[in-house]
Each structure stands twice: as C-alpha cells, then as structure tokens.
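To start, the structure under review is shown below, and the notes come after it.
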Amino acid sequence: MEDLVLQTVSLLASTVRLAVPLILCALAGLFAERSGVVDIGLEGKMLAGAFAAASVAFWLQSAWAGLAAAMLVSIAFALVHGFACITHRGNQVVAGMALNVLAVGLTAVLAFAWFQEGGKTPALADAARFRPLQLPFVAEISTVPVLGTIYARLLSGHNALVYLTAALVPLVAFVVFRTRFGLRLRAVGENPHAVDTAGISVARLRYQAMLASGALCGIAGAYLSTAQSASFLREMTAGKGFLALAALIFGKWMPIPTLFACLLFAFADALQGRLQGVALPGIGVVPVQAIQALPYLLTILLLAGFVGKAHAPRASGIPYSKEK
Amino acid sequence: MEAASALELPALELRGIDKSFGAVHANRAVDLSVAKGSIHGIVGENGAGKSTLMGIVYGYYAADAGTIRVDGKEVHIAASQDAIAAGIGMVHQHFMLVENFTVLENVLLGAEGGALLKKGEAAARAALGKIMADYGLEVDLDAKIETLDVGTQQRVEILKALYRGAQILILDEPTAVLTPQEADALFRLLDTWRSQGRTVILITHKLREILAATDRVTVMRQGAVVATRDTAATSQEELAELMVGRRVQLRVAKDACVPGAEVLRATGLRYVDARGVERLRGVSLSVRAGEIVGIAGVSGNGQSELLEALAGLLPLAGGEIFYKSEKLAPPGTAAASRAARLHGIAHVPEDRHRMGMVVGYSAAESTILGYHGDEDLGFGPLLSNRAATTRTARLMGAYDVRPAAPALRSGNFSGGNQQKIVLGREIDRDPELLLIGQPTRGVDIGAIEFIHRRLVALRDAGKAILLVSCELDEILGLADRILVMFDGRIVGELGRDAADERALGLMMAGVAQAAAAE
C-alpha cells in the first residue's frame with residue numbers, strides 16, 4: 001500500500017517537474033496569442049533563454065543572474081518577433097519559425113565558440129543552479145502515512161522556479177480576466193479595430209504582450225538548463241515549445257485549463273519514462289520508441305479529436321492594419 | 001436653425017483636410033462646418049471620401065494636411081483617444097465591438113476607470129443605467145455581443161459613445177441594418193440629442209433619410225465637397241445629381257409584368273447552420289417566368305441562406321427544390337451547383353468578393369470562373385487565355401465595364417464595375433432563372449441605374465428572377481411580387497401595388513400579424 005502511494009507520488013512529482021517548462025511557455029503563448037500574435041517562436045525563445053541562463057550562471061556562479069540573462073535574451077527575441085510582425089506586419093508564423101531556426105543555430109555556434117565542449121555549456125556547480133527547497137516541517141510531517149508522503153515528496157522538494165510557476169498561473173488568470181490590461185489584451189486579439197477606435201494603441205498592447213511572452217519563455221529556458229539539468233545541451237528544448245502551444249490550444253487559451261493540459265502532457269512524459277522496459281500485462285515489453293512517442297501521440301489525438309470547438313482569438317495571426 | 005445659432009461657433013469645423021492612400025486621393029482640401037445642435041448629413045457615392053473624412057475626425061486616420069476645430073478651438077487629433085477627449089463619438093458602419101465580450105466589457109474597453117476592473121464595472125453599471133433610462137436605450141449589460149441582433153448591437157455602440165460623454169456624434173450608415181421602424185426610433189433619438197444641444201453628423205447614401213432627418217447636408221464627390229445645402233431647400237433629385245455629377249434616373253421605368261409558367265418552386269426548405277441555429281424554418285416559394293420576385297427583410301433573417309440553398313450551395317435539412325417541375329439534386333454538393341448552372345440557373349451571390357469572383361484573378365479569369373469548361377475556351381485540360389480575353393472584352397463592352405481591361409486584377413475595379421463583370425458573366429449564359437443577391441451593394445448610383453435596367457430587360461425577355469435585397473427602395477423599384485422574410489420564415493407576401501414601406505417594415509420586424517389585426 002505504502003509502496004503504491006510512494007510510486008504514485010513520485011510519478012506525480014516528476015509530472016510536476018516536467019510540466020513546469022510547458023506551463024511557462026504556454027502562459028507565454030497565452031499572452032502573445034490573446035494579443036493576436038501567433039507565437040510559434042516559443043521554442044526558440046526558450047532555447048535562447050536556456051543557453052543564456054547556463055552561460056551567465058557559469059560565468060557569474062549565480063542561478064539568479066542566469067535567470068535574469070535568460071529573460072533578457074528571450075525578451076530580445078520576442079521584440080524582434082514583434083518588430084517583424086507588429087511594426088512591419090510580417091507573417092507571424094514565418095517570423096516565429098525563423099527565430100526558432102536562429103535560436104538552434106546561434107546557441108550551438110556560440111556554445112562551440114565560447115566553451116569548446118561540443119555545443120554544450122560547462123556543468124554548473126550546485127551553487128549556480130536552482131536546487132530543491134524543503135518546505136517547513138517536512139521532517140515532522142513526512143512520518144504521517146500517505147499525507148506525509150504527499151507533502152514531503154510531491155509538494156516539497158522542488159526548486160524555486162517550480163513554486164514561482166505555481167504562483168504565476170493564478171496570477172496570469174487574474175491579470176487576464178480581472179484587470180484593465182487583461183480586458184484590453186483579450187479585446188485586441190479578438191477585434192483590434194474595436195481597440196483602436198476605443199482610443200488604445202494596438203501596437204503598444206501587442207508589444208506589451210510580447211514582453212510578457214519573452215519574460216516567461218526566459219524563465220522556462222532557465223528552468224531547463226539551470227534547474228532541471230546542470231548545463232545547456234544542443235536543442236535541449238526538444239519540441240517542448242510546440243507541445244506548450246498544443247496545450248494552449250487544448251486549454252482554449254485560458255490559464256487554468258491550459259495548466260491542466262500541460263500537466264496531462266507532462267504526465268504522459270513522466271509515464272513513458274517509467275514504462276520503458278516494463279512488461280505490460282497482456283502486451284509484453286513495448287519497444288522503447290513506441291513508449292517515447294506517447295506524449296506526442298497523445299497530443300495528436302487530443303488536438304485532432306477533442307478541440308474541434310476551440311476558438312482561437314479571432315484576430316490571431318492577422319497583422320493589424322486600419323484598412324480592412 | 002434658429003437665429004441664435006448664427007452667433008455660436010460651429011461645433012465642428014474642418015479646413016483643408018487632405019488625405020491620400022497611396023495613389024488614391026481620398027480627400028481633397030475638404031472644408032466643412034457643422035453647426036452646434038444640428039443634424040448634419042453627408043452624402044456621396046461609395047468611395048466619395050465620406051468615411052475617410054469622418055475617420056480623420058475620429059482619429060482613425062491621420063490627415064496629410066488641414067485643421068480641425070471643435071467649438072472654435074483647434075484640436076490636434078492623432079488618435080481616437082484625442083477625438084474622444086474632444087467630445088467626439090462615432091458609431092461605425094461595421095460595429096467596433098468585441099463579439100465574445102459582454103455589453104459592459106465593450107463599453108468599458110478604453111474607459112475602464114482603473115487598473116482593476118471591479119471598481120470601474122460598478123461605476124459603469126450605475127452610469128449606464130441612467131443613460132439607458134434617459135434615452136430608452138435598454139440593453140442587457142451582461143449579454144454577449146454575439147447573441148444580440150444588429151439593432152441592439154448598434155445601441156451598444158451608441159451607449160459606448162454616450163458613456164464617454166460625446167457631444168458630437170458621427171453615425172456612419174446607421175440605418176443599413178435597421179428596419180424602417182427601428183430607423184425611425186433612431187431618428188427620434190437624434191432629435192432628442194439635438195434638442196439637448198448635441199451635434200449629429202449622419203453619413204448615409206439614402207437620400208430619403210437625409211431629407212427626413214437633417215438640417216443641412218453636404219455632398220461629396222471624388223474626395224471633395226461639391227455642395228452644402230439647407231435640407232429644406234433641396235430635393236432627392238438635386239442631391240443625386242450633385243453626387244453623380246450628371247442627371248440620374250432614380251427609378252427604372254418598367255411595364256406591367258406578364259408572368260408565364262412556373263420556373264422555380266421550393267417547398268419546406270430548412271437549413272441548420274454550423275452553430276446549430278435553424279436559419280431556414282420551412283420556406284416555400286415559387287417564381288414564374290417573366291417576373292421579378294423580391295425577398296425583403298432585415299439582413300440576417302435567412303435571405304442569404306435561402307439564396308445559397310436555391311443556388312445549390314447549402315446542404316438542406318429538409319425540403320425540396322423543383323426547377324421547371326423537375327426535382328433538383330439535394331444541394332450542398334459541387335455536383336448540385338454545377339448541375340444548377342447547366343440547367344440554366346445563374347447565381348449572382350450577395351458577397352461578390354467571397355463568392356462572386358476571385359479578387360486576385362484578372363478580370364478575364366473572373367469572367368470565365370465556373371464556365372472554364374466551356375468548349376470555346378480551350379481544348380481538353382488546356383485553357384486558352386486568348387479565348388478568355390476575347391470573351392471578356394466582348395462582355396466588358398456590353399456591360400459598360402470601366403476600364404475595359406481584361407488583364408486588370410479583379411480587385412482593382414470599383415464595386416460597380418466588379419458587379420457588372422459578375423452580372424455579365426451570369427446573364428451572358430442566357431439563364432432561365434437568375435438568383436441575385438444585393439445586386440447594388442457597394443455600387444455607385446450610375447452603375448445601379450445600369451444594373452437595374454439590365455434586370456428589368458431580362459425579366460421582359462421572359463426570364464425568372466429572384467432578387468434578395470436589404471434595400472427596400474430596390475425591392476419596391478424592381479420586384480413584381482414581394483416576399484418578406486423574418487427569422488427564417490416567409491412572413492408575408494405582397495403584390496407590388498399593395499406594398500409600401502410601412503407595411504413591409506412591419507412585416508420585416510416580425511409584427512405583421514399584430515398590425516393586420518389592428
């Protein structure tokens with residue numbers, strides 16, 4: 001019994017750890033897409049952020065400095081995206097994809113040039129990483145059956161960025177649905193003409209959304225390279241930005257449903273880690289490749305089958321111009 | 001126009017407003033003076049520059065040159081924000097509403113009253129309650145815009161402007177989406193504002209409304225002001241002539257109709273759209289050779305769907321269509337619309353940009369669209385550009401398309417000339433039945449005259465025509481028999497002689513039964 005609880009809790013704990021970058025990216029995408037900019041560049045911004053975080057954390061031996069660098073670099077990418085598609089009304093998908101390609105190439109080249117370790121950054125010492133934190137009274141409570149295990153192993157023992165992410169979800173929900181900025185953000189993605197005639201600058205709002213998107217992607221990148229692992233690896237985002245985009249669609253561009261979509265994808269990811277090499281009853285050992293494909297298959301199934309009625313923000317993907 | 005107003009400064013004064021979009025000179029040195037506490041009409045054809053001018057006043061576009069004065073003070077309007085601050089409000093022709101927002105959220109947008117919404121919401125509710133009571137503009141503040149009919153949406157736009165304290169209200173084609181009765185209510189509202197000293201600028205192309213509602217009227221043509229008149233001292237004919245620059249026939253002369261055999265009969269047509277809304281609830285009608293049957297109604301009551309269903313484009317949930325007493329294949333398949341064409345049914349769709357032509361095509365390509373399989377246009381899978389160009393040049397001559405340039409991009413023609421291209425393409429087939437929707441939407445007066453004459457000529461040649469139009473004048477001018485649609489049903493039928501605007505208006509508003517009982 002206790003063993004089952006332990007296994008379940010550890011599966012859920014790794015779900016949480018895998019979900020964090022997805023959640024941060026999906027929230028980033030939420031700001032961008034709610035403002036009317038299709039953000040296919042989440043992946044690239046996160047990757048650039050991961051590299052910046054690992055590099056600066058290594059040089060300055062500070063995880064927080066790395067985080068700040070990641071956010072700045074990712075915001076710079078977001079502003080380039082904004083400059084191309086808001087100021088110059090370029091195609092949002094093409095510009096976003098270009099940033100993704102740029103991020104893959106640039107991070108690898110710079111990593112080679114600066115660190116000569118085959119495209120990765122040097123391993124970070126614990127002091128330069130986000131390390132697990134213990135919540136208060138863990139020692140006392142962990143002896144309580146079930147609840148103690150849940151507290152000690154599921155709620156406690158994560159790094160600062162996990163808790164930050166947990167706080168960000170309700171914060172984003174509040175901002176989007178309860179504030180002036182949120183009202184304008186939701187409006188500009190639906191009908192920018194209405195926003196313009198209400199005396200609000202469409203471009204300014206969209207740039208603000210891109211700033212938020214960049215900052216959140218930066219945190220996600222820093223999480224990957226300085227919390228989850230101890231260095232930057234080439235293409236370490238491995239499609240998580242796209243998965244986050246899928247979760248955002250599955251969550252119908254709403255913060256809380258998007259959170260659950262991210263958790264679901266992360267759960268599939270955590271599960272596949274555990275199912276490798278395990279003989280399933282009645283099926284036997286499933287090839288590793290098939291198990292690894294699980295999260296992606298889930299994505300395809302969910303997107304194809306269950307989100308038929310998801311309405312994207314109506315103006316999403318359309319550069320704003322006054323003439324119709 | 002009392003004597004006192006002579007001493008007062010104009011509420012709005014424009015001097016030398018100039019604006020170009022690329023090569024298009026939309027406004028040429030426009031001067032305009034609007035007296036305080038008056039209703040000022042602006043008329044002109046499509047593309048005469050009315051909406052651009054008002055867009056400049058409202059800060060939507062920036063003028064290249066010129067000054068704007070409000071109450072005698074020069075104001076610099078760089079964005080809508082400045083216009084709102086100067087007390088200018090605008091109700092746009094295409095509503096500037098966020099569809100999935102509530103009424104309250106739409107009113108708040110841009111005037112939230114604080115970083116958090118909660119406080120502003122309470123204040124807005126109170127203020128709006130008072131405005132709604134004062135002007136009889138009842139709207140459910142918590143209803144989503146997409147669930148409201150267009151008349152109510154317009155009330156929301158008006159509320160938005162009033163909530164922001166507008167003293168000068170610009171209304172761009174406000175009656176396009178209203179029944180005559182709703183339009184009357186709107187004009188009564190405008191009267192109330194005028195008596196309170198507010199100023200109204202009314203943009204419209206309906207000359208009758210100008211005469212009925214305004215104090216003064218300014219006529220624009222090709223971006224410039226050509227005349228300003230006291231409304232009491234002008235007439236529809238004079239205004240039309242000023243708009244077009246030559247004398248125009250406002251109403252087509254036609255002989256009595258001589259209906260022949262039945263060409264089209266539809267029984268119990270039902271259609272449910274993708275959102276599950278029943279758009280056609282059992283529509284039956286018949287059209288005979290040599291008559292024009294007009295379908296009147298406020299837009300969005302099923303007329304568009306009816307036309308598309310008859311053209312074989314919408315999958316029906318029920319009902320049958322007979323063409324010359326032969327049952328047609330169920331619509332909604334490519335085979336059905338192709339069969340309709342082969343049978344001699346021509347269709348000029350309501351939205352020519354979406355369905356009538358491909359704006360990126362050359363005029364020649366748009367002209368053979370749907371008939372590209374014709375024997376004389378090529379050989380097997382090969383298409384002869386020369387044959388298409390020859391055909392297009394011939395049609396352009398016959399239908400007076402200007403410029404007569406088959407190679408020009410379809411989208412670069414004016415609305416009237418685009419419509420003539422589509423009309424020429426369809427009528428050239430010598431159809432037995434013409435299904436035509438909004439034939440003169442976005443078409444200038446000169447072209448309207450031409451199109452109306454062609455339709456009457458087609459009828460006189462013994463062809464059947466089903467005409468859907470939101471313009472009551474058009475229906476009354478052309479149709480021999482008028483069917484009125486409301487909420488997916490045909491709620492009334494009137495012979496041309498029995499029909500007048502009031503009777504039709506009541507039917508269009510769905511109160512025909514009540515009216516008949518009185």
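Model, not experiment: these values are computed from the prediction. No hydrogens, no waters, no symmetry mates; every other heavy atom, side chains included, goes into these values. Quick note on labels: first sequence line is chain A, next is B, and so on, each numbered from 1.
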Below 30° counts as parallel, above 60° as perpendicular, anything between as tilted: where do the rings of A:H193 and B:Y60 land? tilted
Mind checking which of residues 75-91 of chain B sit less than 4.5 Å from chain A, heavy atom to heavy atom? B:S80, B:Q81, B:I84
Sort by residue number and list every member of residues 107-119 of chain B having a non-hydrogen atom under 4.5 Å from chain A. B:L108, B:L109, B:G110, B:E112, B:G114, B:A115, B:L116, B:L117
Inspect the contact between A:R314 and B:E146 and indicate whether a charged nitrogen and a carboxylate oxygen are less than 4.0 angstrom apart. yes
So does A:R34 pair up with A:D39, basic N to acidic O under 4.0 Å? no
Side chain from CB out, backbone as N, CA, C, O: work out which of these in [X] comes under 4.5 Å of a heavy atom of chain B, or both, or neither.
| X | answer |
| --- | --- |
| A:V175 | neither |
| A:I200 | side chain |
| A:F177 | backbone |
| A:R184 | both |

Are any side-chain N or O atoms of [X] and backbone N or O atoms of [Y], one a donor and one an acceptor, separated by less than 3.5 Å?
| X | Y | answer |
| --- | --- | --- |
| B:Q438 | B:D351 | no |
| B:Q418 | B:F413 | yes |
| B:E74 | B:I68 | no |

Under the side-chain hydrogen bond (donor to acceptor under 3.5 Å, both in side chains) test, which residues partner B:D18, sequence neighbours left out? B:H25
Restricting to side-chain hydrogen bond (donor to acceptor under 3.5 Å, both in side chains), what partner residues turn up for A:R186, sequence neighbours left out? B:E105
Out of A:G199, A:A315, A:A198, A:S201, return the one with the most heavy atom pairs under 4.5 angstrom to chain B. A:G199
Does the side chain of A:N159 come within less than 4.5 Å of A:L133's, by heavy atoms? no
Go through B:R155 and B:D149 one step at a time and tell me if the salt bridge (charged side-chain N to carboxylate O under 4.0 Å, His left out) criterion holds. CA-CA 10 Å; B:R155 286 211 284 277; B:D149 60 67; over 6 Å; no
Check A:H81 against A:G96 and note the closest heavy-atom contact, atom names and distance. NE2-N, 3.5 Å
Pairing donors with acceptors under 3.5 angstrom, does anything connect the side chains of B:T52 and B:N27? no
